[in-house]
Each structure stands twice: as structure tokens, then as C-alpha cells.
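Within every chain, numbering begins at 1; the chains are lettered A, B, ... in the order of the sequence lines, protein sequences first and strands thereafter.
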There are 2 protein chains.
Amino acid sequence: MSNKTEGRARRKGAATHDSGKVTLEMVAAAAGVSPSTVSRILNGTAVVADEKRAAVDEAIARLGFVPNPMARGLAGGRTLSIGVVTQAIDSPFYGGALRGVEEELGRAGYSPLFVSGHWSAAREAQCIETLKARRVDGIIVLTGRLSDAALAQQAQSLPVVVTGRNLVAPRLYALNFDNFEGARLAAHHLLSLGHRRIAFISGDSRHPDAKERLRGYRAALEAAGLPFEPALVLPGNYTEDSGRMAVERLLDSREPFTAIFAANDQMAFGAGLALHRRHLRVPEDVSLVGFDDVASALYAIPPLSTVHHPVYELGQAAAQAMLQLLAGETPTAQLPAPRFISRESSRELQAAPAGAAPRARRR
Amino acid sequence: MSNKTEGRARRKGAATHDSGKVTLEMVAAAAGVSPSTVSRILNGTAVVADEKRAAVDEAIARLGFVPNPMARGLAGGRTLSIGVVTQAIDSPFYGGALRGVEEELGRAGYSPLFVSGHWSAAREAQCIETLKARRVDGIIVLTGRLSDAALAQQAQSLPVVVTGRNLVAPRLYALNFDNFEGARLAAHHLLSLGHRRIAFISGDSRHPDAKERLRGYRAALEAAGLPFEPALVLPGNYTEDSGRMAVERLLDSREPFTAIFAANDQMAFGAGLALHRRHLRVPEDVSLVGFDDVASALYAIPPLSTVHHPVYELGQAAAQAMLQLLAGETPTAQLPAPRFISRESSRELQAAPAGAAPRARRR
DNA sequence: TTGTACGCGTTATCAG
DNA sequence: CTGATAACGCGTACAA
């Protein structure tokens with residue numbers, strides 16, 4: 001045995017900074033048991049005598065032993081790391097979800113590996129390759145652009161959790177938020193305030209959630225017995241700037257409206273700026289509501305009425321589902337129902353010349 | 001040889017989903033060379049005959065071989081992953097930096113491992129332990145709360161890059177932004193607009209950058225021959241809410257002022273809300289400037305004048321420095337100088353009753 | 001219940 | 001310039 005240890009110590013090029021690397025083998029020696037016993041205790045793979053277990057625990061603590069994930073990965077085929085594909089790591093929207101994933105995974109000893117797809121299916125696919133190269137144990141896709149088929153395909157080799165769509169496939173769990181209901185709620189809010197001509201700024205129609213939000217808007221209109229007016233729905237792409245441009249187009253079209261429902265908060269902010277530039281006040285002249293309830297919505301001027309999207313919980317739930325998938329269980333995680341948060345950007349329709357188009361007011 | 005292969009194939013518990021795992025050994029066999037040669041080609045460790053190199057490249061491509069990072073880590077003592085300690089992964093400020101780190105590291109084949117310290121030195125230390133357990137090759141600390149000594153200590157066992165402070169230590173590179181100059185610029189801007197009573201909302205004084213920003217504010221005042229008025233500096237902690245409360249206290253104090261300089265954009269947003277609540281207009285009644293130029297500053301109402309903090313470049317530079325440290329070089333990365341961005345939240349001081357305290361106007 | 005022995009996929013050393 | 005060979009640190013089938 002001593003010769004083996006010596007042989008290792010003599011090795012050169014290995015770890016560059018071998019300051020106090022303690023190995024399982026050293027723990028075993030210190031505790032007077034075999035390496036396998038230590039391994040078993042670490043993984044709970046088998047029952048061990050209390051006596052030895054105590055000795056090992058003591059040795060681990062005393063030596064400050066920390067298992068080497070690399071070796072574990074190589075030997076056991078697991079890396080205890082989960083790939084997380086997101087669109088933009090710096091998005092105000094996804095940030096919260098990442099936090100949820102991080103915390104929930106951490107609790108179970110897993111680490112997330114974040115990669116950004118930048119809204120491109122091609123880059124997403126590439127990200128997944130990177131993650132697989134890193135041998136992650138599973139992949140969480142936060143609202144990606146990959147096709148359902150591509151995702152189901154990945155699930156054949158790796159457990160997959162995906163958010164933002166409905167999809168059933170083996171070893172795959174889809175976790176969706178009720179975007180339809182959320183949008184219905186928001187539109188209903190405006191309707192209940194007396195608004196009848198409500199403009200809608202939509203997200204990219206290639207996104208399932210964008211489609212659902214539009215559907216919710218239409219459903220609310222229909223329930224109120226109002227006709228759907230194509231002229232009031234403006235295309236956007238979830239960015240502030242697209243919201244700004246949508247409102248400028250709307251204003252230029254002279255189409256009358258008294259409220260705007262943006263399919264996400266970022267577009268609502270852009271819309272707010274466009275209104276401000278035309279000297280229209282929110283909510284006095286136009287009511288404005290968003291969707292998602294990002295952190296900054298609370299400090300917008302005026303604070304934005306919006307649909308609360310539980311992103312942190314979304315991240316948590318996705319992580320939980322992944323953990324369950326990994327354990328061979330069937331995930332049960334669900335998301336809370338949408339809630340509308342009424343703040344100061346929307347108010348009751350004032351007695352105004354019905355049907356008059358808001359105009360740029362001269363200063 | 002065949003028996004060895006068979007032995008492996010027979011093994012059970014290993015990788016759970018061995019769909020097409022191609023090993024370096026298989027590549028070697030396919031190319032008719034030894035595994036060492038393949039390894040050498042992969043790492044550029046030595047010169048190989050062009051002929052064999054071509055054969056190997058072909059085999060790699062044909063088989064779709066991807067090196068296993070685990071095995072690499074185990075054998076080579078490197079993991080090709082870098083730990084990144086951040087305060088809040090969902091912060092509007094750090095998000096950009098993370099993106100910069102991700103892209104720059106990715107270019108070199110490294111992956112970032114993000115962990116959040118949540119503004120607590122204790123949790124940061126814990127994060128670093130987690131990262132070390134994962135055997136990261138180096139650690140990037142984005143503006144942490146850890147003491148200089150603690151950081152220098154870590155640098156003894158691992159290369160460290162830290163932002164937001166000045167510090168020299170072996171195997172450690174500090175990358176700082178000129179917060180002093182940035183703040184001086186912002187204050188100077190307000191001064192040049194004719195403002196004389198400029199309130200300052202500071203960050204937590206335990207943060208080096210917060211101290212620098214305060215210093216820059218004072219320096220600008222001094223250069224303009226104005227006295228420093230303690231009553232005009234309000235404590236804050238970089239959150240929106242602290243900005244809001246600071247302004248409320250300021251207004252309640254009846255201290256006259258015509259402009260507010262918040263030490264970061266988030267506090268400026270809170271300040272803006274407080275002013276809005278008291279029916280004070282920006283910039284008509286009060287000029288407001290922030291610091292950082294977070295993405296949403298452009299869409300605030302009105303768009304916020306602020307100091308541009310190149311966070312993306314910060315992340316990039318930190319990653320570059322780490323790569324250089326890893327290569328045994330001395331990092332040279334530097335940050336661009338601060339620039340002040342004048343938008344619509346600040347304007348020339350109007351001829352108004354000088355020294356009159358802004359008051360809440362009745363609607 | 002415990003120990004032995006081997007293999008996970010790669011890199012580094014050393015001999016040729 | 002190239003090929004054996006021995007680790008890297010751990011998990012696990014198998015024997016005891």
C-alpha cells in the first residue's frame with residue numbers, strides 16, 4: 001500500500017495546486033476501513049456498522065475531505081450538474097428563474113450550468129451540445145425556441161424539463177404557466193374599468209406563450225361581447241423598443257383607443273415611453289397594463305399594473321421536476337395560477353369623448 | 001485488446017444512457033494510432049506527423065468524438081471551468097457582466113459556474129467552498145463583500161480575479177472601474193447645468209465603490225467651490241426602495257435642493273417614484289441622475305441621465321484576465337473610462353426662487 | 001456487513 | 001515523433 005501512495009505522490013504534472021487535497025483513500029486509511037466502505041457511507045449505497053460509520057464521519061470532518069466531482073463523474077456516470085438553457089442570462093425576466101433553479105438544485109447537491117441561447121434555435125442546439133459534452137445529468141430548457149420534436153429527441157438520451165410549452169414525451173416534463181388565463185385576467189381588468197378599445201401589443205407569434213397571451217386577450221373581449229379589431233393588435237417582440245414602436249404606429253394610425261395591454265412588461269415600458277414622448281399621460285389619458293411583473297414594474301412611473309408571473313417559483317419547480325425525473329419518479333410540480341396585480345398605470349375610463357383617438361398634446 | 005473492450009461493454013452500473021459515447025480510445029483505433037497521439041493532437045502538446053494528424057482529425061469528425069471533461073479533469077488536474085461568484089444572478093446590474101464572462105470564457109473552451117453570494121460575506125465564502133469542491137480552475141469574484149485578506153488567501157490556492165476594488169496579491173488580479181471619476185462626471189454635469197444644491201443618495205459605505213462615488217461627488221462640489229452639506233447626503237443601499245425612502249426623508253427634512261444624484265440607477269428609480277408620489281416632476285422640478293446605465297435606464301420615464309458603467313466589458317475583461325492568469329501571464333485587461341450619458345432626467349436649472357425647497361404640490 | 005479489484009476516459013512520463 | 005503504461009479519485013460487481 002505504501003508503495004502505491006508513494007507512486008501517486010511522486011507524480012508530477014497532476015493537480016497544479018495540491019494544497020491539501022484529501023482523497024477518499026486517505027479517509028479510509030485514517031478511519032481504518034476500506035475505501036469502498038467510505039464510498040458506501042457517502043452515497044448511502046449500503047448499510048454500514050454504526051461504529052465504522054462514526055469513525056469515517058470523524059475522519060472526513062478532521063481531514064476536511066471533499067469528494068472530487070470529476071472522479072465521481074467518471075466512475076459513477078453522474079456529474080451532479082444540470083444544464084440550464086436560457087435565452088439571455090441578463091434578462092430581467094429569466095433572472096428570477098435562474099435563482100429559483102440555483103437554490104432548489106443546490107439543496108440537493110446539484111449545480112446548475114447556465115448557458116444562453118440568445119433566442120436562436122441554432123445556438124440553443126449548440127448549447128445543448130456543450131452541456132452534453134460536459135456530461136450534465138439533465139437539461140432544463142427555460143422557454144426555448146427548439147422544436148418539440150428536437151426536445152423529445154434530446155429526452156431520449158437525457159432527462160429534460162422544459163418550461164413555456166405543453167408537451168408530453170418520455171423522460172420529459174413540460175411545465176407551463178397559464179398564459180391564456182393571465183392575459184384574460186389582464187384584459188378583463190381593463191374591461192371592468194370601462195375600457196372598450198384596448199390595444200394589444202403582442203409578442204413574437206413563434207412563441208407559444210405569445211400566442212396564448214393573444215388568445216387570452218381575445219377571449220376576454222369575446223366574453224364581454226366586444227368584436228375583435230385587428231387594427232388594435234400590434235406586433236412586438238418582447239423588447240422595450242418593439243413596444244415603443246408599436247405605440248408610435250398605433251398613434252400614427254389614428255385608431256381610437258383608451259388602454260393598452262402589452263404582452264410583457266418590457267414592451268409596456270417601451271409603450272409608456274412612447275406615450276410620454278407624445279405627451280399622453282398614464283393612466284389619465286391611457287391605461288397601460290403589462291405581463292410578467294418583473295422587478296422593475298413596481299418602480300416604473302407610474303407603477304405598472306401587470307400579471308404576476310411567478311418566475312422564481314418557475315425555476316424552483318423546474319428544478320424539482322428535474323430532481324424527480326432523475327430519481328425515476330414522475331414529476332408533479334405545478335405552477336401557481338396567474339394573479340393580476342393592479343397598480344397605478346390603469347384606472348377607470350373617464351367620461352371622455354368615447355372613441356376619440358388620443359392625440360399628441362402640444363406642450 | 002478485444003477482451004478489454006468487451007470487458008467495458010459488459011460493465012453495468014456505469015453511464016446510464018450510453019447512447020453513442022465515443023472515446024478517445026476508439027478514435028485512436030479508428031485512426032490506427034495510439035491514444036497518446038490522439039491526446040497530443042487534441043491538446044497540441046507535441047508535434048505530430050501531418051499524416052497521422054489528418055487520419056485522427058478525420059476519425060474524430062467521422063465518429064463525432066467529444067472529449068470527456070470529467071476524464072480530462074481527473075487526469076490533467078484541470079476542469080476547464082471557472083467559478084464566478086456574483087451577488088445576485090438576477091440583478092439588472094450583474095446580468096450584463098455574466099454575459100461578458102460567459103462569452104469570453106466560452107471562446108477559450110472554458111465554462112463558467114455561477115453562484116450567488118446574496119450580499120453576505122459568509123455566503124460568499126461558502127460559495128467559494130462549493131466552487132473549490134467542484135475543482136474549478138479559477139475564481140472570478142464580481143464585487144464581493146469578502147475582505148481583501150480573505151481574497152488574497154484564496155489566491156494562494158487558486159487564481160483569482162476580483163472586480164470593484166484595488167488589491168495586489170500574487171495570482172490575483174483586481175479589475176476596477178473608475179467610480180470616483182464617474183461620480184465626479186455626474187456631479188459636474190449637474191453643476192454645469194446650474195444646480196447648486198445637489199442631494200446625493202449613497203450606497204452602502206462598506207462597499208468600496210460606494211465610497212468612491214461619494215468621494216467623486218464631493219470632489220466635484222469642491223472643484224466648484226461649493227461647501228459640502230451633510231444634510232444633502234442620504235444613506236441608501238443600492239436598492240430601489242432605499243432610494244425611495246431617501247427622497248422621502250429628504251423632502252420631509254425641508255432641506256432645499258434642485259437636483260438628486262443617486263449612486264446607482266436602481267436608487268434613482270426609487271427616487272423618481274418618491275418624487276412622482278409627491279407630485280414633483282423630473283426634470284422640470286428636480287433633475288435626477290443615476291449611475292451604472294442599466295438597460296432599463298433608457299426606458300425610464302423620463303429616460304435617465306446616468307454614468308455608463310461598461311458591465312459587459314467588465315465581464316469580458318475579468319474573463320480575459322483569468323485566462324491570462326491561467327496561462328501564467330500577467331493580466332493586462334483594463335476597463336474603459338467612465339462616460340456620462342445625458343438623457344432627459346436632468347436639465348438646466350430654471351430661474352426659480354433660489355433655495356426654495358421643492359414641495360409636494362397639491363393635485 | 002465488508003474488502004478486493006477493476007474500470008470510468010484522459011493525460012503525463014518515460015523509453016524507444 | 002510515437003507508443004506503452006501508470007496514474008487521476010471514486011463507484012460497484014463480486015467474493016468473502
Side-chain angles (χ1 to χ4, degrees), chain A residues 1 3-16 18 21-29 31-53 55-56 60 65-80 133-135, chain B residues 1 3-16 18 21-29 31-53 55-56 63 65-80 133-135:
Chain A
M1 176 170 211
N3 55 348
K4 183 171 186 182
T5 310
E6 280 170 21
R8 291 192 175 175
R10 231 187 341 256
R11 180 116 184 279
K12 275 196 9 205
T16 323
D18 355 46
K21 294 287 181 229
V22 184
T23 72
L24 181 150
E25 198 176 325
M26 295 166 61
V27 172
V33 300
S34 79
S36 24
T37 301
V38 178
S39 173
R40 281 189 268 261
I41 291 179
L42 253 39
N43 303 289
T45 317
V47 190
V48 205
D50 283 352
E51 190 187 352
K52 309 209 171 197
R53 154 170 265 121
V56 170
I60 289 181
F65 167 71
V66 180
N68 180 329
M70 300 295 130
R72 260 156 114 109
L74 235 204
R78 315 179 319 154
T79 58
L80 293 182
R134 291 243 163 215
R135 303 303 200 268
Chain B
M1 177 169 213
N3 54 350
K4 184 172 188 183
T5 311
E6 282 172 18
R8 290 192 176 176
R10 228 186 343 254
R11 180 118 184 280
K12 274 192 15 198
T16 325
D18 356 45
K21 293 289 178 225
V22 184
T23 73
L24 180 150
E25 198 175 327
M26 295 165 62
V27 172
V33 300
S34 78
S36 340
T37 301
V38 178
S39 173
R40 279 190 271 260
I41 291 179
L42 253 39
N43 302 288
T45 315
V47 189
V48 196
D50 282 351
E51 189 188 351
K52 308 209 172 196
R53 153 170 268 121
V56 170
L63 271 48
F65 167 71
V66 179
N68 181 329
M70 298 295 131
R72 261 158 117 107
L74 231 207
R78 316 177 322 151
T79 58
L80 291 182
R134 291 241 163 216
R135 302 303 199 268

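Distance from the side chain of B:Ser39 is smallest for C:dT11 among the nucleotides C:dT10, C:dG3, C:dT11. Of the candidates D:dT2, C:dT10, D:dG11, the closest approach to any side-chain atom of B:Ala75 belongs to C:dT10. Across C:dG3, D:dG9, C:dT10, the shortest atom-to-atom separation from the side chain of A:Ser34 is found for C:dG3. Picking from D:dG9, C:dT11, C:dT2 the nucleotide with the shortest atom distance to the side chain of A:Arg40 gives C:dT2. Among the nucleotides D:dG3, C:dT4, D:dC10, the one closest to the side chain of A:Ser36 is C:dT4.
The shortest distance between side-chain heavy atoms of B:Val56 and B:Val48 does not fall below 4.5 Å.
A sub-4.0 Å separation between OP1 or OP2 of C:dT11 and a side-chain N or O of B:Arg72 is present. Neither OP1 nor OP2 of C:dG9 sits under 4.0 Å from any side-chain N or O of B:Thr23.
Per the geometry, CG belonging to A:Asn68 stands 14 Å off C1' belonging to D:dA7, to the nearest Å. With rounding to whole Å, A:Arg78 atom CZ is found 19 Å from C:dG9 atom C1'. Between B:Leu74 atom CG and D:dA6 atom P the separation is 18 Å, expressed in whole Å. Residue A:Arg53 contributes atom CZ, which lies 12 Å from atom C1' of C:dT1 at whole-angstrom precision. The distance from atom CD of B:Glu25 to atom C1' of C:dT10 is 10 Å, rounded to the nearest whole Å. A straight line from CZ of B:Arg135 to P of C:dT11 spans 19 Å, rounded to a whole angstrom.
If you check every strand for non-hydrogen atoms under 4.0 Å, A:Val38 touches nothing. Residue contacts shown for A:Pro35 are absent, as no nucleic acid heavy atom lies under 4.0 Å away. Within 4.0 Å of B:Thr37, counting heavy atoms only, lie sugar-phosphate atoms of the nucleic acid but no base atom.
Judged as a side chain to side chain donor-acceptor pair (under 3.5 Å), and not counting sequence neighbours, A:Arg135 has no contacts. For A:Arg40, there are no side chain to side chain donor-acceptor pair (under 3.5 Å) partners, not counting sequence neighbours. Every side-chain contact (heavy atoms from CB on, under 4.5 Å) that B:Ala71 has, sequence neighbours left out, goes to A:Leu74, B:Asn68. When the side chain to side chain donor-acceptor pair (under 3.5 Å) test is applied to B:Thr37, the partners found at least two apart in sequence or on another chain are B:Ser34.
Here the shortest heavy-atom pairing between B:Phe65 and B:Thr23 reads CE1-C, 3.5 Å. Between B:Ala28 and B:Pro35, the shortest heavy-atom contact is CB-N, 3.6 Å.
Looking at which nucleotide of DNA chain D each of B:Ala71 and B:Lys52 is closest to, the 5′-most match is held by B:Lys52. Between B:Val33 and A:Met70, the residue anchored closer to the 5' end of DNA chain D is B:Val33, taking for each the nucleotide with the nearest heavy atom.
For the atom pair CZ (A:Arg72) and OG1 (A:Thr79), the distance works out to 11.0 Å, reported to the nearest 0.5 Å.
Annotation: proximity of residues 41-51 of chain B to DNA chain D (heavy atom, distance under 4.0 Å) is found for B:Val47, B:Val48, B:Ala49, numbered in ascending order.
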